[in-house]
Amino acid sequence: TPKHPPIPIFWEPANQIGKKKVTYLGHWNVAEIEDMSDRQFQYNGTNRCAKLYFDFNRFDERWEKIIGLCNDKTIEQMKTMNFEEL
């Protein structure tokens with residue numbers, strides 16, 4: 001089993017109209033890395049060399065709040081926000 005720190009995972013639905021919204025799905029541990037470099041494997045027309053499998057680690061409510069607050073903001077607006085108070 002690979003030893004990596006938990007990774008925050010986000011999801012952005014493909015069929016959104018207008019401003020894009022991203023959802024925080026939690027922090028996940030890499031459970032397995034399947035090497036696929038010896039075969040042709042494509043996803044959306046791009047060659048891939050591995051598949052990653054994850055196990056749930058934790059859900060951080062602070063991350064969820066920050067992502068929710070940023071969904072309707074521009075990058076410039078996000079730069080001025082104070083996240084320390086969350």
Quiz item: Going through the checks in order, is the side chain to side chain contact (heavy atoms under 4.5 Å, CB included) test met by Ile67 and Thr23?
Solution: CA-CA 7 Å; Ile67 296 299; Thr23 302; over 6 Å; no
Quiz item: Should Ile7 and Trp28 count as side-chain neighbours, where that means a heavy-atom distance under 4.5 Å?
Solution: no
Self-check item: More than 12 heavy atoms of other groups within 6.0 Å of Glu34 CD
Solution: yes
Quiz prompt | ILVMFWY cluster, Tyr53 and Trp11 together (side-chain gap under 4.5 Å) | solution = no
Practice problem: Determine yes or no for a side-chain-to-main-chain donor-acceptor pair under 3.5 angstrom, with Asn29 supplying the side chain and Ala31 the backbone. | Solution: no
Exercise. Apply side chain to side chain contact (heavy atoms under 4.5 Å, CB included) to the pair Ile33 and His4, showing each step before the final yes or no.
Key: CA-CA 11 Å; Ile33 300 174; His4 300 281; 4.1 Å; yes
Quiz prompt | Asp55 side-chain N/O to Val30 backbone N/O, donor-acceptor pair under 3.5 Å | solution = no
Quiz item: Stepwise, does the side chain to side chain contact (heavy atoms under 4.5 Å, CB included) test hold for Leu69 with Met81?
Solution: CA-CA 9 Å; Leu69 289 171; Met81 296 173 72; 3.8 Å; yes
Self-check item: Identified ring-ring contact (aromatic ring centres under 6.0 Å, His included) counterpart of His27 within the set Trp63, Phe56, Phe59
Solution: Trp63
Quiz item: Roughly how far apart are Met78 CE and Asp72 CG, rounded to 0.5 Å?
Solution: 9.0 Å
Quiz item: Got a second to check how far Glu64's CD is from Glu61's CD, nearest 0.5 Å?
Solution: 6.5 Å
Practice problem: Would you indicate whether the side-chain heavy atoms of Arg48 and Met36 approach each other to under 4.5 Å? | Solution: no
Practice problem: Verify side chain to side chain contact (heavy atoms under 4.5 Å, CB included) between Lys65 and Phe83, making sure each step is shown before the conclusion. | Solution: CA-CA 9 Å; Lys65 287 178 188 176; Phe83 298 111; over 6 Å; no
Quiz item: Do Pro6 and Phe54 come within less than 4.5 Å of each other through their side chains, counting heavy atoms only?
Solution: no
Quiz item: Should the ring pair Tyr24 and Phe10 be called parallel, tilted or perpendicular, given that the plane angle runs from 0 to 90° and is split at 30 and 60?
Solution: tilted
